[in-house]
Amino acid sequence: MNNKPVRVRFAPSPTGPLHAGGVRTALYNYLFARQQGGQMLLRIEDTDQNRYVPGAEAYILEALEWLGIGIDEGPQQGGPHAPYRQSERKEMYREYAERLVQEGKAYYAFDTPEQLDDMRKRLEAAKVAAVQYNAITRTEMTNSLTLSAEETKARLESGDPYVIRMKIQPKEDVRFNDLIRGWVVVHSSQIDDKVLLKSDGMPTYHLANIVDDHLMGITHVIRGEEWLPSAPLHVLLYRYLGWESTMPQFAHLPLLLKPDGNGKLSKRDADLGGFPIFPLEWTDPNTGEKARGFREEGYLPGATANFLALLGWNAGTEQEIFSMDELVASFSFDRVHKAGARFDIQKANWFNQQYLKQLDDAAIIEELKPLYDAKGITVNQDQLTQIVHLLKDRVHFIKEIVSESLFLFAAPEEYDQDVVIKKWNEEAVNAIGAFKDALAGFNGTFVAHDIKEVLSATMESAGIKMGKIMQALRLAVTGAGAGPDLMIIMEILGKGEVVSRLETALSRLSAQIRLA
Ligand code: GLU
C-alpha cells in the first residue's frame, strides 16, 4: 500500500455550489497529490437524482480552475478509469452488491415504507436507544434472511421493489488510523445495516464511493469531518468486499466554523455578515436566490487559495503568504488541526491586500478600466498609472481603487465638518490663498515634486509652518482630512483644477473661518 503512487480524488456531489469547506478539501487533495508526485482525480458523485442541481457540476469545474486546482483525471480530462461521473457508471455497482449477497454479507430487503415506519415507531415506543435496521431488528423484517429462499426468489422474479442492505456482523471492532485524528475505533454494533443498492437500482453514496475508490486505485481519502461517522462503515465495506489490504488511508479535515467560532459555518452567516463563502457567485436555478462569490467580490484567486489553505493548517512557522508551489512544498497532514477552523473574512481581506500589492500595475489597470467605464468616468492610461500608484497600497480590493479615487473626478460637494472646525482658520486661509496665487503664476511642469517646492517656498515667505496648514489644504482639494499623497493628487488633478478647487473652497468656507 505504501509504495503505490499517490492517487487522490475530490468527489463532490453536484447538489449546489461548492462552499469554502469543499474548496478547501479540493485544495488539500491537490496539494498532497502534487507534493507526492501523484494524481488528482475529480469524480462527480451524482447518483442521487433527487438532489441533482443543474449547473452545479459546471460551477465546480469553473471554481477549481479559477483557483488553479489542476485535475489530472476527471469528466473533462478523461483518464484510464473513465467515466468519472457516477451516473454514467451506474451499471457497475450492482455486481458488487449482488456479490456481497451471494457471500452472505448483504441481503435483499423488501420492507415497504410503512413497514419501516412501523418498526421505527415500535422501537421508539419501547425506548430503544438506537432506532436502527440492524442485527436485532432485521430478524423481524421482510428480507431474504427471514423469508425462505423460494419466497425471496419469487419476490425478486415478480418485480417486488427491494433494496440490498449490508449485513453488519455485530461485536466486531472497526478501526482505522486517520492521518489527522489518529486511531478511530468503533464497535460494529453501533453501525446499522446500511442500504447499498436502492430500489431504483442506483447505488447509495457508500457503495458507489467505495467501489470507485477501489477501482480507481485511490490511495488517500481526504475529505471533510462530516464523513467521519461514515468511515467505519466504509472500512467494513472494504473488508466485506475483500479489499481491506489495499484500503486507502483516511484524512478527515476539520470543520469550518462561524466567524465567532461557535458552530458550523453556514450560508446564513455569510448572508448576515455580507461576505462570501462560495468561490464564485451562484444563482439557485430553482429559487433564483443569489449567493456571493469570492471572485465577484473582488478577491484574487491566489489570495483566496492562500486564505483557504490556512483554514485548518499552518506551516509551523510565522509564514502566512504562500504561493501555490510553496503550499505544495510545505503541506503536511501532521500540521492539519483537529479542531474546527474559524472563518475570519478579515483575514481573507488581509490576504487580498497582500496579493494586490504584489500584482503588476498593468494587470490592475486592465481590471480597472471596465470599472471606471461602468461609472461613466473617462480615464487615460497616464491617469490610471498615477491612480494605481496613489492607491494600490491603501486598499484591499481593486474595486476600492475606483471608489477611493472618485474625488479625483469631481470637485468636493461637501467638506468634512470636523476638519473645518479644527483646521479652517485664518492662517490656513491666508496660506491657501497665497499658494493658489503662486500656483496660478507657476509655469513649470505640474508634477508632485515641483508642486511641493512651490508650496514650501510660499509658506516660507509667508512665515507659516507647512505642517500646520496641510490638513486644511487637503480639505480644500479633496473635501476630506485624510487620504493618499496630496502632492500626487494635485499632480493628477492638474493646475487648472487645483486652482479652481482652492478658489471654490476659499469662497464656500469663507463664513466658517475660525480664529487662529
Ligand atoms: N460525494 C461526497 C460529498 O459530496 C464525497 C465524500 C467523500 O469524499 O467520500 O462530499
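These numbers come from the heavy atoms of this one structure, side chains and all, not from hydrogens, waters or symmetry mates. Keep in mind that what you see is a predicted model, and the values were worked out from it rather than measured.
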**Stacked cation flag Lys375 on Tyr372, 6.0 angstrom / 45 deg** =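 No, a cation-pi geometry is absent between Lys375 and Tyr372.
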
**Request:** Report yes or no: is the cationic atom of Arg165 (NZ for Lys, CZ for Arg) closer than 6.0 Å to the six-membered ring centre of Tyr133, at no more than 45° off its axis?
**Result:**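 Yes, Arg165 and Tyr133 form such a contact.
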
**Item:** Trace of the ring-ring contact (aromatic ring centres under 6.0 Å, His included) decision for Trp66 with Tyr59
**Value:** CA-CA 10 Å; Trp66 180 65; Tyr59 178 100; over 10 Å; no

Going by atom types alone, do [X] and [Y] pair a side-chain donor with an acceptor below 3.5 Å?
X	Y	result
Thr204	His206	no
Tyr108	Asn143	no
Gln77	Asp72	no
Tyr84	Asp212	no
Ser188	Gln169	no
His234	Asp213	no

Distance from [X] atom [atom1] to [Y] atom [atom2], nearest 0.5 Å?
X	Y	atom1	atom2	result
Met166	Leu197	CE	CG	14.0 Å
Glu320	Lys347	CD	NZ	3.5 Å
Met216	Gln39	CE	CD	13.0 Å
Arg43	Ile71	CZ	CD1	12.5 Å
Glu172	His187	CD	NE2	9.0 Å
Ser144	Glu151	OG	CD	11.5 Å

Is there a donor-acceptor pair closer than 3.5 Å between any side-chain N or O of [X] and the backbone N or O of [Y]?
X	Y	answer
Asn29	Ile222	yes
Glu157	Ala154	no
His337	Ala339	no
Glu296	Glu281	yes
Arg335	Asn314	yes
Thr142	Phe110	no
Gln249	His220	no
Gln319	Ile321	yes
Asn134	Thr137	yes
Asp46	Ser87	yes

**Asked** For Arg24, which of Leu18, Leu310, Leu253 qualifies under side-chain contact (heavy atoms from CB on, under 4.5 Å)?
**Response**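 Going through Leu18, Leu310, Leu253 one by one, the side-chain contact (heavy atoms from CB on, under 4.5 Å) with Arg24 is satisfied by Leu253 alone.
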
**Message:** Are there over 12 heavy-atom neighbours, none belonging to Arg99, within less than 6.0 Å of that residue's CZ?
**Reply:**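 Enclosed.
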
**Item:** Atom CD of Glu65 with >12 non-hydrogen neighbours under 6.0 angstrom
**Value:**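 For Glu65, atom CD is not crowded (no more than 12 foreign heavy atoms under 6.0 Å).
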
**Criterion side chain to side chain donor-acceptor pair (under 3.5 Å) on His252 and Arg181, from CA distance to verdict** = CA-CA 7 Å; His252 287 94; Arg181 277 141 221 283; 5.5 Å; no

Does any part of the side chain of [Y], heavy atoms only, come nearer than 4.5 Å to the side chain of [X], both counted from C-beta?
X	Y	answer
Leu41	Val8	no
Val379	Ile387	yes
Val6	Phe32	yes

Centroid separation [X] to [Y] less than 6.0 Å:
X	Y	answer
Phe331	Tyr28	yes
Tyr299	Phe307	no
Tyr240	Tyr238	no

Check ion pair [X]-[Y] (N to O, under 4.0 angstrom):
X	Y	answer
Lys369	Glu366	yes
Lys267	Glu289	yes
Asp260	Lys258	no
Glu140	Arg122	yes
Arg85	Glu88	yes

**Request:** Determine, stepwise, if the pair Val23 / Leu67 fulfils side chain to side chain contact (heavy atoms under 4.5 Å, CB included).
**Result:** CA-CA 9 Å; Val23 180; Leu67 287 159; 3.2 Å; yes

**Asked** Ala251 and Leu179: which non-hydrogen atoms are nearest, and at how many Å?
**Response**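 Minimum heavy-atom contact is CB-CB, 4.0 Å.
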
**salt bridge (charged side-chain N to carboxylate O under 4.0 Å, His left out) partners of Lys90, counting only residues at least two apart** =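 Once residues adjacent in sequence are excluded, Lys90 has no partner under the salt bridge (charged side-chain N to carboxylate O under 4.0 Å, His left out) criterion.
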
**Item:** salt bridge (charged side-chain N to carboxylate O under 4.0 Å, His left out) partners of Arg120, counting only residues at least two apart
**Value:**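 Arg120 satisfies salt bridge (charged side-chain N to carboxylate O under 4.0 Å, His left out) with Asp117 once adjacent residues are dropped.
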
**Request:** Kindly assign one of parallel, tilted or perpendicular to the pair His214 and Trp243, based on the angle between their ring planes and the thresholds 30° and 60°.
**Result:**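 If you compare the ring of His214 with that of Trp243, the planes turn out parallel.
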
**Request:** Please test Val174 against Val185 for side chain to side chain contact (heavy atoms under 4.5 Å, CB included), starting from the C-alpha separation and ending with a verdict.
**Result:** CA-CA 6 Å; Val174 188; Val185 185; over 6 Å; no

